[in-house]
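The next block holds one structure in the form of structure tokens; read it before the comments.
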Amino acid sequence: MSYVLGIDLGTSSLKGILMNKAGQVIAEASAEYDIDSPAPGFSEQHPEYWVVACEEVLTRLSIEVADFGAELEAISFSGQMHSLVTLGDEDTLAYPAILWNDVRTTKQCQQIMDTFGETIIEITKNIVLEGFTLPKILWLQQNKPEVWEKVRKIMLPKDYLAFILTGNMHCEYSDAAGTSLFDIEKREWSAAICEKFAIDMSILPPVVSSVEQVGVVNASYAKRFGLQREVKVFAGGADNACAALGAGVVNEDYALVSLGTSGVFSSFEAEISNYKGKLHFFNHVIPNANYSMGVTLAAGNSLNWFKNTFGKGLSFAELLADVYTVAPGSEGLLFTPYIVGERTPHIDSKIRGSFIGIDTRHELKHFARAVLEGITFSLKDAQVLMEEAKNKKFKQIISVGGGAKNADWMQMQADIFNAEIIRLEVEQGPGVGACMIAAVGNGWFEDFEACRNIFVQYKDATFTPREENVQKYEQLYDVYTQVYPATKTICRNLTDFNR
């Protein structure tokens, strides 16, 4: 039986998923690692953490699966986006990896947007934010010039891991697109951006397709883990692109809504779109395709906050047990999930959340339903931008994460998005997307459509919009969109007052 291995290099752990040609998960293993914060706002990791974690995962899989060494044919990757890895002479690490969730670069982001913002958006299709790679480079240039002078190559996390396994350096389109250094349309590093910010283009790795073979597992690792074949290594992709692929979003008929700590609404884009920074727009792992993505900073985080603050001692099931008894609109109660600021479409770190319309008839169940509705409205902001740009509606939306575990919330999604909502039979996250890249790259399938039919399975039960509820939610969404402009100045004044 032949296997492919998907390695998902996340922020706090590395996960390996082993799958066969029938799309079955044979085994999985994970290993955790720390995030270092040497100063406020700093978020770093030593890339050695990822190497040790990968070795641990390979060891566990080789022990758990008797024919792992004999049948493993290919490996690919999903990886955390934007994080900066710097190499010096002889490929030694020059500085700890600065992660996507590091926020030390506010000054550099402002500098970039003030001096080159319109050009950056035209080339990269994105506003530069603290998470992206370019401002991290500027921070090194300005604050650690002695380190920057030593830098000979920059890489992204999963590509560093591939380099360790194969000895070859590369990047691929979906991850390069999130650096603020990449020309989305031309699919190449931007000479204009590099020249503007004094970045020698020789430090940038070659860019390849996600399904391109970038090497084979080197002899030392092959011997260590008993690999009997020449195991091919394929470039892989950014975690959000791999998550969409692993959920089966391989054409423009489908969208993905993911409800974790943050929330993501993403869709496949066959053509180049420029949302002027209101949505993220990146090249895809699927050849010659792209994807757009809207982000709600506090999706599940809003629900966790609500539970911890107003539902102490309750399980989530208990907290949400009675929301079905409350009519759509929560009897005039509205929640905006801006408790840590907001990303799409406002990009405002100072806005804060609110309950509006509170009166004496409202009980815990009304507040709980309003939280679920507000989170979903925030994600609808991204859906509206995408559908208006495409002049079409999504046939189905695939829901993953916490929102897919509660039937009442699933029905709210169907009614608010006005689309059929489906769920995965088994959620494995971006690792399945990495496996699919390895499977297609290795020739198991002609393309990702064929691979999707085998590797991605959905539950039989679907949630369809209820017309009466759809009409109510359309009216309420119009009210929701009025809250941000009405509270923006108030939130800024409160922030200033509390300094």
- Message: For Y473 and Y477, I'd like to know if the aromatic rings sit close, meaning centre-to-centre distance below 6.0 Å.
- Response: no

- Query: For the side chain of Y458 and the backbone of A247, is there at least one donor-acceptor N/O pair under 3.5 Å apart?
  - Reply: yes

- Query: Would you say the ring centroid of F377 lies under 6.0 angstrom from that of Y480?
  - Reply: yes

- Message: Quick check against the 3.5 Å criterion: does D159 have a side-chain atom that pairs as donor or acceptor with the backbone of M155?
- Response: no

- Are K15 and E28 within salt-bridge range, i.e. N to O under 4.0 Å? yes

- Item | Between D415 and Q411, a side-chain donor and acceptor under 3.5 Å | yes

- Determine whether more than 12 heavy atoms belonging to other residues, nucleotides or ligands lie under 6.0 Å from atom NZ of K390. yes

- Query: For R369, which of V323, L364, L333 qualifies under side-chain contact (heavy atoms from CB on, under 4.5 Å)?
  - Reply: V323

- Query: Do F394 and Y254 have ring centres separated by under 6.0 Å?
  - Reply: no

- Task: For this output row, return yes or no: ring centroids of W139 and F42 closer than 6.0 angstrom.
- Result: yes

- Message: Is the terminal nitrogen or CZ of K380 (NZ for Lys, CZ for Arg) located under 6.0 angstrom from the six-membered ring centre of F417 and within 45° of that ring's axis?
- Response: no

- Query: Parallel under 30°, tilted from 30 to 60°, perpendicular over 60°: which one fits the rings of Y338 and H346?
  - Reply: perpendicular

- Going by distance alone, is a donor N or O of one side chain under 3.5 Å from an acceptor N or O of the other, for S315 and K307? no

- Task: Begin with the C-alpha distance, continue with both residues' side-chain angles, and end with the deciding distance and a verdict on salt bridge (charged side-chain N to carboxylate O under 4.0 Å, His left out) for E331 and K365.
- Result: CA-CA 11 Å; E331 295 188 30; K365 62 184 181 181; over 6 Å; no

- Is it true that a side-chain atom of K136 and a backbone atom of G131 form a donor plus acceptor pair closer than 3.5 Å? yes

- Message: Is any side-chain heavy atom of V426 closer than 4.5 Å to one of Q457?
- Response: no

- Counting N and O atoms only, with roles assigned by atom type, does the side chain of Q111 sit under 3.5 Å from a partner on the main chain of P135, one being a donor and the other an acceptor? no

- Message: Pairing donors with acceptors under 3.5 angstrom, does anything connect the side chains of S43 and W100?
- Response: no

- Will you find, in the side chains of Q471 and E467, an N or O donor that is under 3.5 Å from an N or O acceptor? yes

- Item | Test item: R452 side-chain N/O and G248 main-chain N/O as donor-acceptor pair under 3.5 Å | yes

- Evaluate the side-chain proximity of I272 to I184: yes if any heavy-atom separation is below 4.5 Å, no if none is. yes

- Query: Is R104 salt-bridged to D102, going by a charged N under 4.0 Å from an acidic O?
  - Reply: yes

- Find out whether K278 and T344 are in side-chain contact, i.e. whether some heavy atom of one side chain is under 4.5 Å from a heavy atom of the other. no

- Task: Check whether the side chains of E420 and T464 place a donor and an acceptor atom closer than 3.5 Å, and report yes or no.
- Result: no

- Taking the six-membered ring for Trp, are F310 and W305 ring centroids under 6.0 Å apart? yes

- Message: Any side-chain to backbone donor/acceptor pair from S76 onto F234? Under 3.5 Å, distance only.
- Response: yes

- Task: Give a yes or no answer on whether the side chain of T124 reaches the backbone of N126 with a donor-acceptor pair at less than 3.5 Å.
- Result: yes

- Quick one: ring pair (Phe, Tyr, Trp, His ring centres under 6.0 Å) partners of Y275, sequence neighbours excluded? none

- Message: I'd like to know if the side chain of S330 reaches the main chain of A370, judged simply by a donor and an acceptor atom lying under 3.5 Å from each other, with no hydrogens or angles considered.
- Response: yes

- Would H280 and F282 count as a ring pair (Phe, Tyr, Trp, His ring centres under 6.0 Å) if you check the C-alpha gap in whole Å, the side-chain angles of each, and the deciding distance to 0.1 Å? CA-CA 7 Å; H280 297 309; F282 303 120; 5.8 Å; yes

- Message: Between Y95 and L140, does the side-chain contact (heavy atoms from CB on, under 4.5 Å) criterion hold? Intermediate values first, please.
- Response: CA-CA 9 Å; Y95 194 77; L140 281 180; 4.0 Å; yes

- Side-chain donor-acceptor pair present, S78, D239, cut-off under 3.5 Å: no

- Query: Only one of T179, I154, T105 clears side-chain contact (heavy atoms from CB on, under 4.5 Å) with I137; which?
  - Reply: I154

- Is the shortest heavy-atom distance from the side chain of H284 to the side chain of Y173 under 4.5 Å? no

- Query: Would a 4.5 Å heavy-atom cut-off, applied to side chains only, mark R492 and D348 as touching?
  - Reply: yes

- Close side-chain approach of M81 to N240, heavy-atom, < 4.5 Å: yes

- Any side-chain donor-acceptor pair under 3.5 Å between E269 and S292? yes

- Task: Establish, from distance only, whether the side-chain atoms of S37 and E44 form a donor-acceptor pair under 3.5 Å.
- Result: no

- Query: Taking 4.0 angstrom as the limit, do K392 and D253 come out as a salt bridge?
  - Reply: yes

- Task: Check for a donor-acceptor pair, side chain of E172 on one end and backbone N or O of D175 on the other, with a separation under 3.5 Å.
- Result: yes

- Message: Is it true that S378 and E342 share a donor-acceptor pair across their side chains at a distance under 3.5 Å?
- Response: yes

- T487 and S354 side chains, donor-acceptor separation under 3.5 Å: no

- Message: Under a 3.5 Å distance rule, please check whether S190 uses its side chain to pair with a backbone N or O of L181 as donor and acceptor.
- Response: no

- Hey, are Q80 and T11 close enough side-chain-wise for a donor-acceptor pair under 3.5 Å? no

